[in-house]
Number of protein chains: 2
Amino acid sequence: MRTAFYISDGTAITSEVFGHALLSLFPMEFEHQTIAFVETLKKAKETKEIINKVAKSSGQPPLVFHTFVNHEIREIIDSCDGVIYNFLEQFIAPIEQQLGIKAKPKAHRTHSIHENTYDYRIDAVNYALANDDGSNIANYEHADVILVGVSRSGKTPTSLYLALQYGIKAANYPFIDDDMDDMKLPKFLIPHKKKLFGLTIDPQRLMDIRDGRMANSKYSSARQCRMEIKSVENLYKKEKIPFLNTTKFSVEEITAKILSVTGLHRHKY
Amino acid sequence: MRTAFYISDGTAITSEVFGHALLSLFPMEFEHQTIAFVETLKKAKETKEIINKVAKSSGQPPLVFHTFVNHEIREIIDSCDGVIYNFLEQFIAPIEQQLGIKAKPKAHRTHSIHENTYDYRIDAVNYALANDDGSNIANYEHADVILVGVSRSGKTPTSLYLALQYGIKAANYPFIDDDMDDMKLPKFLIPHKKKLFGLTIDPQRLMDIRDGRMANSKYSSARQCRMEIKSVENLYKKEKIPFLNTTKFSVEEITAKILSVTGLHRHKY
């Protein structure tokens with residue numbers, strides 16, 4: 001199997017995203033290896049040795065995705081027996097020309113604490129945890145968005161992703177069995193109606209997820225899942241709450257769709 | 001202010017990471033705008049109009065970072081009045097040549113639920129929540145890593161990031177005041193010693209964070225913070241627990257360092 005290396009003087013997240021976006025276009029398997037924090041010439045030489053060993057033992061040059069801007073470190077990595085892909089190199093010059101200023105490369109540019117948006121994100125994580133699963137309905141005035149939906153429709157991971165990635169304060173409130181008989185918007189949500197975003201899910205998928213947690217229960221029965229989903233979808237339509245069926249979407253996609261529909265302000269890009 | 005657009009037929013996360021990595025090299029401010037899920041020719045034409053309006057009103061061509069592989073949509077976006085940067089275009093051909101196979105572009109390639117690692121990540125999020133803050137010490141045998149440290153040293157956001165991004169099950173256990181008098185590893189952690197990773201933080205920064213939560217308390221006093229940090233750092237050294245001072249690091253950096261030291265297997269790249 002061909003090995004792909006993701007290398008950087010920082011977290012290597014950018015290299016991973018860059019390389020993964022490209023390799024996902026190819027219908028084959030890769031052995032992935034990340035080497036982060038290559039900040040010294042010594043570490044660069046060690047990294048080069050690791051790549052060269054893989055090249056030798058596999059008989060194929062590894063693919064090396066990196067984003068080094070430091071010239072000395074870059075030269076060492078570029079001289080390895082792998083094939084080098086570095087998108088910064090290709091794009092810095094045209095952007096410099098377009099903006100009319102020179103790039104000022106420095107290490108740890110992205111994904112570092114020095115971004116002034118960092119505290120927003122940690123505050124938002126604390127907010128999401130304190131306001132998960134309807135635990136703190138008194139706090140909704142501070143929410144940027146309130147996710148609503150039945151149990152296991154994807155509210156909690158989405159709230160956390162909104163917080164961690166974008167510094168957005170997301171509360172979430174679960175509609176429970178008792179709400180279903182006469183499905184109305186709970187009183188305490190009415191003043192915050194503009195912040196509501198509904199999640200829904202296919203009943204079959206909901207059953208599967210719930211069955212994994214509580215097999216053969218009323219909670220995971222086909223009838224209960226169908227009834228709950230029908231009730232909340234009717235409520236969303238009646239109250240004109242924007243909503244999304246999460247069945248086929250990842251947490252990244254659900255988040256991106258919520259941002260797209262609501263126009264919420266990201267505290268980080 | 002110059003506007004940067006991040007555009008994609010999917011979440012646009014790749015475009016954001018790509019554009020942000022480049023723009024962070026330039027010492028100037030940008031207006032950021034993401035347009036996700038541009039999946040139809042109609043949406044592509046609307047997007048082009050939005051870009052053209054910004055170009056006209058600002059008198060400067062916006063920078064447009066995109067990753068379209070669909071030719072028809074790409075042609076529409078490429079014909080806008082912005083300056084186009086698309087790294088896929090530059091790298092697909094050389095990688096095809098290197099691998100000896102053709103790329104098979106399809107929409108929603110990355111960040112989608114179809115990756116077989118998705119359930120790992122949701123399971124890991126549920127695990128991190130259920131095992132946050134020492135709430136479930138019976139479950140540690142299922143942990144991939146157990147983060148330990150004093151209150152407010154960064155354990156919870158790091159556990160969640162490990163779970164959401166990499167599908168790694170991270171429990172976390174806080175050392176509290178009562179532990180400090182005779183600082184030893186709690187009995188229930190001893191069988192899991194190889195999974196422990198310690199976090200520490202500068203006492204001054206810890207005071208600032210705690211003061212924001214409980215001003216003028218013993219909890220946030222200089223003496224208490226210094227004492228707790230000294231105790232846990234001594235414990236880490238005595239017990240040879242790998243540890244990291246989180247003061248100057250973001251959750252991405254803390255996570256990348258933990259992965260680098262422990263060699264934990266990522267379930268997603």
Side-chain angles (χ1 to χ4, degrees), chain A residues 2 6 10-14 16-18 20-22 24-28 32 34 36-37 61 63 67 69 83 85 87-88 90-92 94-95 98-99 101 103-105 109-113 115 118 121-122 125 129 156-157 160-161 164 248-253 255-257 259-260 266 269, chain B residues 2 6 10-14 16-18 20-22 24-28 32 34 36-37 61 63 67 69 83 85 87-88 90-92 94-95 98-99 101 103-105 109-113 115 118 121-122 125 129 156-157 160-161 164 248-253 255-257 259-260 266 269:
Chain A
R2 190 75 75 116
Y6 310 99
T11 62
I13 292 173
T14 301
E16 286 179 357
V17 170
F18 162 53
H20 186 66
L22 280 160
S24 68
L25 297 172
F26 292 89
M28 59 189 282
H32 304 279
T34 297
F37 305 106
L63 310 183
T67 56
V69 286
V83 195
Y85 305 100
F87 75 86
L88 292 181
Q90 312 246 0
F91 287 97
I92 287 176
I95 295 178
Q98 178 55 230
L99 296 176
I101 58 170
K104 281 200 181 169
R109 300 163 307 277
T110 49
H111 306 114
S112 86
I113 202 169
E115 301 184 48
Y118 190 68
R121 292 168 60 209
I122 298 303
V125 169
L129 290 172
T156 297
L160 292 171
Y161 197 84
L164 266 172
K248 291 185 178 152
F249 298 125
S250 70
V251 68
E252 285 87 348
E253 289 171 310
T255 299
K257 281 175 193 280
L259 293 175
S260 170
R266 293 155 160 84
Y269 266 84
Chain B
R2 189 74 76 117
Y6 310 100
T11 62
I13 292 173
T14 302
E16 286 178 358
V17 170
F18 162 51
H20 186 67
L22 280 161
S24 68
L25 298 172
F26 292 88
M28 59 189 283
H32 303 280
T34 296
F37 304 106
L63 310 184
T67 56
V69 285
V83 194
Y85 305 100
F87 75 86
L88 291 182
Q90 310 246 3
F91 287 96
I92 287 176
I95 293 178
Q98 177 56 229
L99 296 176
I101 58 169
K104 283 200 179 167
R109 301 165 305 277
T110 48
H111 305 117
S112 86
I113 203 169
E115 301 185 46
Y118 190 68
R121 292 167 59 208
I122 298 303
V125 169
L129 290 172
T156 296
L160 293 170
Y161 197 85
L164 266 172
K248 291 185 178 152
F249 297 126
S250 71
V251 67
E252 285 87 346
E253 290 172 310
T255 298
K257 281 175 193 280
L259 293 175
S260 171
R266 292 153 159 87
Y269 266 86

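Chain letters run A, B, ... following the sequence lines, proteins first, then strands; residues in each count from 1. The basis for the numbers below is simple: all heavy atoms, side chains too, and nothing from hydrogens, waters or symmetry mates. Quick caveat: nothing in here was measured; it's all calculated off a predicted structure.
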Practice task
Looking only at non-hydrogen atoms, find the nearest pair between B:Ala21 and A:Thr14 and report the distance.
Solution key: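 Shortest heavy-atom separation between B:Ala21 and A:Thr14 comes out as CB-CG2, 3.6 Å.
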Handout entry: Distance-minimising heavy-atom pair for A:Phe37 and B:Ala256
Key =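 So the two residues come closest at CE1-CB, 3.5 Å.
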Problem - Residue part contacting chain B, namely of A:Leu259, when any heavy atom lies under 4.5 Å - result: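 When you check distances to chain B, no heavy atom of A:Leu259 falls under 4.5 Å.
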Exercise for the section: Under 4.5 Å heavy-atom distance to chain B, tell me which part of A:Val251 shows up: side chain, backbone, both or neither. Expected result: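 For A:Val251, backbone and side chain are both near chain B.
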Handout entry: Test item: B:Gln98 and A:Pro61 side chains (from C-beta on) under 4.5 Å apart, heavy atoms
Key =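 Contact flag for B:Gln98/A:Pro61 side chains = yes.
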Practice task
For the residue pair A:Phe18 and B:Val17, establish whether any side-chain heavy-atom pair is separated by less than 4.5 Å.
Solution key: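 The answer is no, as the side chains (C-beta and beyond) never meet within the 4.5 Å cut-off.
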Exercise for the section: Name the region of B:Thr255, side chain, backbone, both or neither, that has any atom closer than 4.5 Å to a heavy atom of chain A. Expected result: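 Neither part; nothing is under 4.5 Å.
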Point-to-point distance, once rounded to the nearest 0.5 Å, from [atom1] of [X] to [atom2] of [Y]:
X: B:Met28; Y: A:Lys104; atom1: CE; atom2: NZ; result: 12.5 Å
X: B:Leu164; Y: A:Glu252; atom1: CG; atom2: CD; result: 8.0 Å
X: A:Lys257; Y: B:Thr11; atom1: NZ; atom2: OG1; result: 10.0 Å
X: B:Arg2; Y: A:Leu99; atom1: CZ; atom2: CG; result: 5.5 Å
X: B:Ser250; Y: A:Ile122; atom1: OG; atom2: CD1; result: 8.5 Å
X: A:Leu25; Y: B:Ile95; atom1: CG; atom2: CD1; result: 8.5 Å

Problem - Winner by heavy-atom pair count (cut-off under 4.5 Å) against chain A, out of B:Ala12, B:Pro157, B:Pro27 - result: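 The candidate making the most pairs under 4.5 Å is B:Pro27.
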Problem - Centroid-centroid distance, B:Phe91 to A:Phe87, less than 6.0 Å - result: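 That pair fails the under 6.0 Å test.
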Exercise for the section: Determine the option with the most heavy-atom pairs under 4.5 angstrom with chain B, choosing from A:Leu63, A:Thr156, A:Val83. Expected result: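 The residue among A:Leu63, A:Thr156, A:Val83 with the greatest pair count is A:Val83.
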Handout entry: Residues forming a side-chain hydrogen bond (donor to acceptor under 3.5 Å, both in side chains) with A:Gln90, sequence neighbours excluded
Key =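 If we apply the side-chain hydrogen bond (donor to acceptor under 3.5 Å, both in side chains) test to A:Gln90, skipping adjacent residues, there are no hits.
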Handout entry: Counterpart residues, ring pair (Phe, Tyr, Trp, His ring centres under 6.0 Å), relative to B:Tyr161 (two or more places apart)
Key =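 Scan of B:Tyr161 (ring pair (Phe, Tyr, Trp, His ring centres under 6.0 Å), adjacent residues dropped) gives none.
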